[in-house]
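Sequence lines set the chain letters: A, B, ... in the order given, protein chains first and strands last, and positions in each chain run from 1.
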Amino acid sequence: MDKDIEGGATPFLAGLAVGELRYARCGACDAVLEYGASLCPACGAAKVVWVRASGAGRLRARAIYHRSYAAGLVPPYAVAMVELEEGPRLLARLAEGAVLTPGMALRASIEDGSLRFLAA
Amino acid sequence: MDMAEKGRAKAAIIGLGASTLSRTPVGSARQLAVQAVQAALADADIGHGEVDGLLINRSPLVPHEVLPLKLQEDLQFANLTLLSSIEGEGSSAVQMIQYAALAIRAGMASNVVCVFADDPIRPAQSGGQAFAPALSISGIPGWEESVGLLGAAGAYALAAQEYLWHYGLDADALSGVVLSDRAWAQRNPDAFLRAPLSLDDYRRSPWVVEPFRVLDCAYPVNGAIAVVVTAADAAPERSARPVYIHGMGQGHGGFTGFRGRQGLTGARLAGRIACEMAGVVPADIDACQFYEAFSFTTLLALEEYGLCPPGEAAAFTRDGHTAPGGRLPCNTGGGHLSGYYLQGMTPVAEAVIQARGHGGPRQLDRADLQLVTGNGGRLDYHAALLLSPSARLRAH
């Protein structure tokens, strides 16, 4: 493991800032943790270890916004639920113009700390 | 008497009251709550001084002071032995009734008032704006805002889309629920959206967050609803038409996606526990009043509560089985989509009306056992009641 940072989701955001997509595993039993977990559902340990994800994932769902709920969010835009190949589910933006099909393979792209998923 | 004794009522609802319900500002949530409580006490024909419990449910989108514990003073209930604000988001209304029943059975109170009030439509705020804050589903603080997943609609839309893709369905799959709700609303003079609606009309409804159209989303109103809960044994003396609580269950777990787990949400647990408590099976349920802030939640609830096999709820609703004349009437006042959205109290109120036989043109032939559900967060928090006009259910 190339990272060993305990705590909440901050290491995820810190990872993006240095161009790295991270997910969490249990430091006691190595189970894969969902984002937001502070305890391991398998063994109960409170040792969260953040590791680098491959960046590969699959599109499980997308919601297409046709209304703007805030200034700066110009519709239409899509928000995706991506399942990383390691297991955790991550909410993410998709690159503009991608043709979206159920279960399609995606890869993460991080530019200037901003995460997007593209067709793999 | 054991709480788990099957077939015998745990408590009863003896009063139902509503404030003015309106699409324009008609007073604060706190003022509306007082109106509803007064109406519920009048309906229950219960003296003001006989109330010893007050449970409060405010919208999860507003701060505590909108509907504070000080409501006790507004109402001048001076001798409460039970007072709390219940924090179950959309499952709170059902939870209030559950905790009222438990407190009564434990001897902590005798007559408990449960009230929900909300005023999402204000002079400078539309209903849509009131429901625009992000629902947290990512586990990463602030992440929803950073990816643009604002409003409850987007979070629910993701779950709906995953369901539709998984079963190979298109967005028309949601239309059965919308048309069924509207057909019921046409028989309910208190419903807000009563114009006839066709499938073509539905398809012309603009997208909000795909796969949801405007017509897939709840219709917000300002208003309040209250009920009075009392002991099952005391109910017949107090009310000509008590509505008995036979089953209560909760299940807390959010939408997991299709990853081989048994059930997709905590609703599966809530339903199982409620049915076990009542000594019934899902097939015994005559009608359902679901929490359906979005059309999709009714499809999912039909499956999670064991009323439809997985993946078949869309066809079930499109075939008219939940509509008037169908074999499992659902959301019989028009539901959240065509009736009105007062969160968990919409389904509770309709169940009480039907159990009492007060449904008028929409009255069900059979309402011996109704399922009432609450759903909070993004499919995270579930609570269920099984209600009957009978104090004893027939042995299953």
Side-chain angles (χ1 to χ4, degrees), chain A residues 7-17 21-24 32-38 41 48 50 58-84 87-94 100-104 113-117, chain B residues 126 128-171 205-214 216-217 253-261 294 296 378 380:
Chain A
T10 315
F12 169 78
L13 299 173
L16 292 184
L21 180 63
R22 295 175 182 170
Y23 73 103
V32 172
L33 305 179
E34 292 290 337
Y35 291 99
S38 295
V48 179
W50 288 85
R58 296 217 169 253
L59 181 64
R60 290 300 170 216
R62 57 93 183 102
I64 303 173
Y65 276 72
H66 292 264
R67 290 191 176 186
S68 180
Y69 284 78
L73 288 171
V74 182
Y77 67 91
V79 181
M81 184 56 79
V82 179
E83 195 168 297
L84 301 183
R89 297 189 140 211
L90 178 59
L91 194 60
R93 285 295 281 273
L94 294 164
L100 306 177
T101 55
M104 71 189 288
S114 175
L115 173 68
R116 292 278 186 285
F117 277 85
Chain B
S126 71
Q129 287 167 329
F131 297 100
L135 268 184
S136 172
I137 63 167
S138 70
I140 304 165
W143 190 240
E144 283 74 17
E145 288 83 354
S146 73
V147 301
L149 196 83
L150 298 183
Y156 276 85
L158 281 171
Q161 188 61 63
E162 184 166 351
Y163 174 95
L164 296 175
W165 276 355
H166 183 80
Y167 291 113
L169 301 167
D170 63 22
S205 175
W207 296 117
V208 178
V209 183
E210 209 175 323
F212 293 150
R213 302 174 183 281
V214 171
D216 290 299
C217 304
F255 183 79
T256 56
F258 297 86
R259 297 199 281 181
R261 284 178 39 159
F294 302 98
F296 167 64
R378 198 286 297 265
D380 293 311

Peer 1: If I compare all heavy atoms of A:V79 with all of B:V147, which pair ends up nearest, and what's the gap?
Peer 2: CG2-O, 3.4 Å
Peer 1: Any donor and acceptor pair, going by atom type alone, linking the side chain of A:Y69 with main-chain N or O of B:A134 inside 3.5 Å?
Peer 2: no
Peer 1: Would you say the rings of A:Y35 and B:W143 are close, in the sense that their centroids are separated by under 6.0 Å?
Peer 2: no
Peer 1: Can you find a heavy atom in the side chain of A:T101 that is under 4.5 Å from one in the side chain of B:W165?
Peer 2: no
Peer 1: Among residues at least two apart in sequence or on other chains, which ones pass salt bridge (Lys or Arg N to Asp or Glu O under 4.0 Å) with B:E145?
Peer 2: none
Peer 1: Quick check: do A:R67 and B:V214 have side-chain heavy atoms less than 4.5 Å from each other?
Peer 2: yes
Peer 1: Select one option (side chain, backbone, both, neither) describing which atoms of A:L16 are under 4.5 Å from chain B's heavy atoms.
Peer 2: side chain
Peer 1: Given the options B:H166, B:Q161, B:E144, B:E210, which has more heavy-atom pairs under 4.5 Å with chain A than any of the others?
Peer 2: B:E210
Peer 1: Taking side chain as C-beta onward, heavy atoms only, is A:L90 less than 4.5 Å from B:I140?
Peer 2: yes
Peer 1: Nearest 0.5 Å, please: how far is CD in A:E34 from OG1 in B:T256?
Peer 2: 9.5 Å
Peer 1: Using non-hydrogen atoms only, which part of A:A78 is less than 4.5 Å away from chain B: side chain, backbone, both, or neither?
Peer 2: neither
Peer 1: Using the six-membered ring wherever Trp is involved, compare the ring planes of A:H66 and B:W207 and label them parallel, tilted or perpendicular (cut-offs 30° and 60°).
Peer 2: parallel
Peer 1: To the closest 0.5 Å, what do you measure between CD (A:E83) and CD (B:E162)?
Peer 2: 7.5 Å
Peer 1: How far apart are the closest heavy atoms of B:V209 and A:A63, and which atoms are they?
Peer 2: CG1-CB, 3.6 Å
Peer 1: Provide the closest heavy-atom pair for B:L158 versus A:A61 in the form atom of the first, atom of the second, distance.
Peer 2: O-CB, 3.2 Å
Peer 1: Does any backbone or side-chain atom of A:L115 lie under 4.5 Å from a heavy atom of chain B? Answer side chain, backbone, both or neither.
Peer 2: side chain
Peer 1: I want to check something: taking the side chain as every heavy atom from C-beta on, are B:R259 and A:R89 in contact at a cut-off of under 4.5 Å?
Peer 2: yes
Peer 1: In terms of heavy-atom proximity below 4.5 Å to chain B, should A:A70 be classed as side chain, backbone, both, or neither?
Peer 2: both
